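Beneath this line is the structure, given in structure tokens, with notes to follow.
Remember, it's a predicted structure, so these values are computed and weren't measured experimentally. Protein chains get the first letters and strands the later ones, always in sequence-line order, with residue 1 at the start of each.
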Amino acid sequence: MAEQVSLFNTLTRRVEPLTPLAPPRVTLYTCGPTVWNYAHIGNFRTFLFEDLLRRWLEYAGYQVFQIMNLTDVDDRTIKAARTAGKQLAVHTAPFTQAFFEDRDYLRIKPAHVYPRATEYMPAMIALVARLLERGVAYKGEDGSVYFAIAKFPTYGRLSRLDRREIKVGARVASDEYAKDDPSDFALWKKADAEDEAVGAAWDAPFGRGRPGWHLECSAMALAEIGKRFAVQTLDIHGGGVDLIFPHHENEIAQSEGATGQVFARHWLHGEFLNVRGSKMSKRHGNFLTARDLREQGVDAAAVRLLFFQTHYRQPVDFTDEALEAAKEGVRRLGEFHQRLQGAGSRERGAELDKLAERLEADVATALNDDLNAPRAVAALFDFVRAVNRELDKPVAPAGTARALAAFVRVTDVLDVLPTARSADPALARWVEERIVARAQARKSKDFKVADVIRAELLAKGVEIEDTPQGTKWRLR
RNA sequence: GGCGCCGUAGCCAAGUGGUAAGGCAGAGGUCUGCAAAACCUCGAUUCGUCGGUUCGAUUCCGACCGGCGCCUCCA
């Protein structure tokens, strides 16, 4: 196992060593998308940081079991289904599918399980029943079931919100009168006509209704790790900073209120993706979806590099300039990769081996320190420059195997190499023919014709490069 | 009002109580028929402002200015 992985823990507001309950196993629960619409790249920034976490933990020798929920029943999905005039399940299905497509486009490693809220009704109902039984939940006058935060003294510990200081303002719940305390939150909402209309209501001993937003995460996390590992405590729970309160605070209350055990040992939260300084969100209308980028032909590697060049706990502004810069970086990495692969491998690669070792060491130091991806990326580019310098030397240093292996290892964690693109055979044949014609022109010093041919190729999006090994070409 | 985040070169962005990584863009150079790629050289005497602590602060403390987030269903 590699060195100690340390991560910032929202619970303590400190970078702390990761201490899994039963190493090398790490149970990782990451809050997934609400499938009422397409997820935007702000959502995906969080999923991408979690992807990096997952990959780094695996690189470090841990056996990660990742759970990502799919919220397919909540206020927004119901409202969206209602607007579309569809049943809930019919409305959410294509967006669930779209989420998986976007995930694959962005090269996010699939979680091991994707529990859907609607498929865990028995677990959720059992959890509510348990909370009622233990006296930390009660049925309100409106028929819904609420969690009594007065019965959970550590409530507010994660978000450091003092209940008494919570401003009673902007978003006052309409069901406030039904609760013992305005801050109590719904575990189970009594079904109303709209819920019934879209098929979002289930029978339960405490009344027909539907789960509150937070309930699913507690129920599904506990169910998944319970049946697999017979534990009630997650090693890591992650999400966006906006979930700290109330979502994660409430998850803790529900889970610990039911099990009496620590729900999650380490809490990780990723910062927002902003647009011109403001949070990207559906509400602001300033969002961009993953499929928008895909349709624009943006290589996912560029998106990954862009995000990884900023620490996950820093807000980052999404701009075209930043994306363009990331595209260039990806291109450079791709060129380098090809060069290294083609550099051959003989003996005597002492210098390269040293650089390879340093790369691995620097990346490990960076990522072990609260997943400092920007520093890992810097180490990668340092390596690229240093190795290029070696390869430029008149007597090329041999023995590139070690360097190539290190580069691939690091690059597998970040996954920022350009997507291989292949030209269609007809174009390839034409390009090869043109290159031969140009070579003849160059041989007879007819550079005018040679340059015309190059312009011709460029017009078709083909870039050429004369090297000692002949003329190479690529699509741009 | 409460909790919290941010302000580092043209742009993006790391970082440390001891004098500023990396990427993109730009300028010059090497190489090239010309290019491209790659490499070399060049950029903040300075890290929002003003104070304080310190032998020394961008890094710690305070105030202020500016931007942002959460405060009950937002990643």
Subject >> N/O donor-acceptor pair, side chain A/D466 with base B/C34, under 3.5 angstrom >> reply: yes
Original post:
Is there a Watson-Crick or G-U wobble partner for B/A9 with both distances under 3.5 Å, and if so, which one is it?
Top reply: none
**OP:** Measure across A/A441 and A/A450 and return the closest heavy-atom pair with its distance rounded to 0.1 Å.
**Re:** CB-N, 4.0 Å
**OP:** Describe the nucleic acid contact of A/G270 in one word from base, sugar-phosphate, nothing, applying a heavy-atom distance below 4.0 Å.
**Re:** nothing
**OP:** Identify whether any heavy atom of A/L273 sits under 4.0 Å from a base atom; if not, whether one sits that close to sugar-phosphate; answer base, sugar-phosphate or nothing.
**Re:** base
Subject >> Under 4.0 angstrom between A/N388 side-chain N/O and B/C39 OP1 or OP2 >> reply: yes
**OP:** Take A/K327 and A/D299, measure what salt bridge (Lys or Arg N to Asp or Glu O under 4.0 Å) needs, and give me the verdict at the end.
**Re:** CA-CA 8 Å; A/K327 283 181 191 169; A/D299 192 333; over 6 Å; no
**OP:** Answer with base, sugar-phosphate or nothing: what part of the nucleic acid does A/S281 contact at a heavy-atom distance below 4.0 Å?
**Re:** nothing
**OP:** Tell me yes or no: between the side chains of A/T365 and A/R375, is some donor less than 3.5 Å from an acceptor?
**Re:** no
Original post:
Between B/A14, B/C40, B/G22, which nucleotide has the shortest distance from any of its atoms to the side chain of A/T310?
Top reply: B/A14
Original post:
When the C1' atoms of B/G7 and B/C64 are considered, how many whole Å apart are they?
Top reply: 14 Å
Original post:
Hey, does A/R474 reach any base, or is it just sugar-phosphate, or nothing, if we go heavy atoms under 4.0 Å?
Top reply: sugar-phosphate
**OP:** Compare the minimum distances between each of B/C5, B/A75, B/G69 and the side chain of A/H40, then state the nucleotide with the smallest one.
**Re:** B/A75
**OP:** Decide yes or no, distance alone: a donor-acceptor N/O pair under 3.5 angstrom between the base of B/A37 and the side-chain of A/R332.
**Re:** no
Original post:
Between A/E328 and A/R375, which is nearer to the 5' end of RNA chain B once each is assigned its nearest nucleotide?
Top reply: A/R375
**OP:** Provide the distance between the two P atoms, one in B/C31 and one in B/A25, to the nearest whole Å.
**Re:** 23 Å
**OP:** Scan A/T71 against the nucleic acid and name what it touches under 4.0 Å (heavy atoms): base, sugar-phosphate only, or nothing.
**Re:** nothing
**OP:** Under 4.0 Å between any heavy atoms, over every strand shown, what does A/H269 touch: base, sugar-phosphate, or nothing? Just pick one.
**Re:** nothing
Original post:
Between A/R389 and A/D392, is there a side-chain N and carboxylate O pair less than 4.0 Å apart?
Top reply: no
Subject >> Any A/R385 side-chain nitrogen or oxygen under 4.0 Å from OP1 or OP2 of B/G22 >> reply: yes
Subject >> Integer angstrom distance from the C1' of B/C24 to that of B/U19 >> reply: 27 Å
Original post:
Just checking, is any N or O donor in the side chain of A/D184 or A/Y138 under 3.5 Å from an acceptor N or O on the other one?
Top reply: yes
**OP:** Quick one: look up who B/C64 pairs with, Watson-Crick or G-U, both distances under 3.5 Å, and put none if it's unpaired.
**Re:** B/G48
**OP:** Both distances under 3.5 Å, Watson-Crick or G-U wobble: report the partner of B/C42, or none.
**Re:** B/G26
Original post:
Does the ring of A/F381 meet both stacking tests against the six-membered base ring of B/G22: centre distance under 5.5 Å and plane angle under 30°?
Top reply: no
**OP:** Could you check whether A/R103 gets within reach of a base, just the sugar-phosphate, or nothing at all, counting any heavy atom under 4.0 Å?
**Re:** nothing
Subject >> Separation between the P atoms of B/G52 and B/C39, rounded to whole Å >> reply: 47 Å
**OP:** Kindly indicate whether the side chain of A/N372 and the base of B/G15 share any N or O donor-acceptor pair separated by less than 3.5 Å?
**Re:** no
**OP:** For A/R438 and for A/R76, find the nucleotide of RNA chain B with the closest heavy atom, then tell me which residue's nucleotide is more 5'.
**Re:** A/R438
Original post:
Under a 3.5 Å cut-off for both distances, is B/A37 Watson-Crick or wobble paired, and to whom?
Top reply: none
Original post:
What is the distance, rounded to the nearest whole Å, between atom NE2 of A/H248 and atom P of B/A75?
Top reply: 10 Å
**OP:** Report yes if at least one side-chain N or O of A/N274 is closer than 4.0 Å to OP1 or OP2 of B/G69; otherwise report no.
**Re:** no
Subject >> Closest to the A/P374 side chain, choosing from B/G33, B/A14, B/A75 >> reply: B/A14
**OP:** Verify ring pair (Phe, Tyr, Trp, His ring centres under 6.0 Å) between A/F47 and A/F99, making sure each step is shown before the conclusion.
**Re:** CA-CA 11 Å; A/F47 303 147; A/F99 168 70; 5.7 Å; yes
Original post:
Does the side chain of A/Q314 get closer than 4.0 angstrom to OP1 or OP2 of B/C5 through an N or O atom?
Top reply: no
**OP:** To the nearest Å, give me how far apart CZ (A/F287) and C1' (B/A75) are.
**Re:** 14 Å
Original post:
Centres of the A/F100 and A/Y114 rings: under 6.0 Å?
Top reply: yes
Subject >> A/R45 side-chain proximity, nearest of B/A75, B/G23, B/U72 >> reply: B/A75
Original post:
Side-chain N or O of A/R313 less than 4.0 angstrom from OP1 or OP2 on B/C5?
Top reply: no
Subject >> Euclidean distance for C1', B/U59 against B/G15 (whole angstrom) >> reply: 9 Å
**OP:** Could you measure between the two P atoms, the one in B/G51 and the one in B/C47, and give it in whole Å?
**Re:** 13 Å
Original post:
Which one is paired to B/C3, where only Watson-Crick or G-U wobble pairs with both distances under 3.5 angstrom count?
Top reply: B/G69
Original post:
Are the charged groups of A/E335 and A/K472 less than 4.0 angstrom apart, N to O?
Top reply: no
**OP:** Provide the distance between the two P atoms, one in B/A63 and one in B/C11, to the nearest whole Å.
**Re:** 30 Å
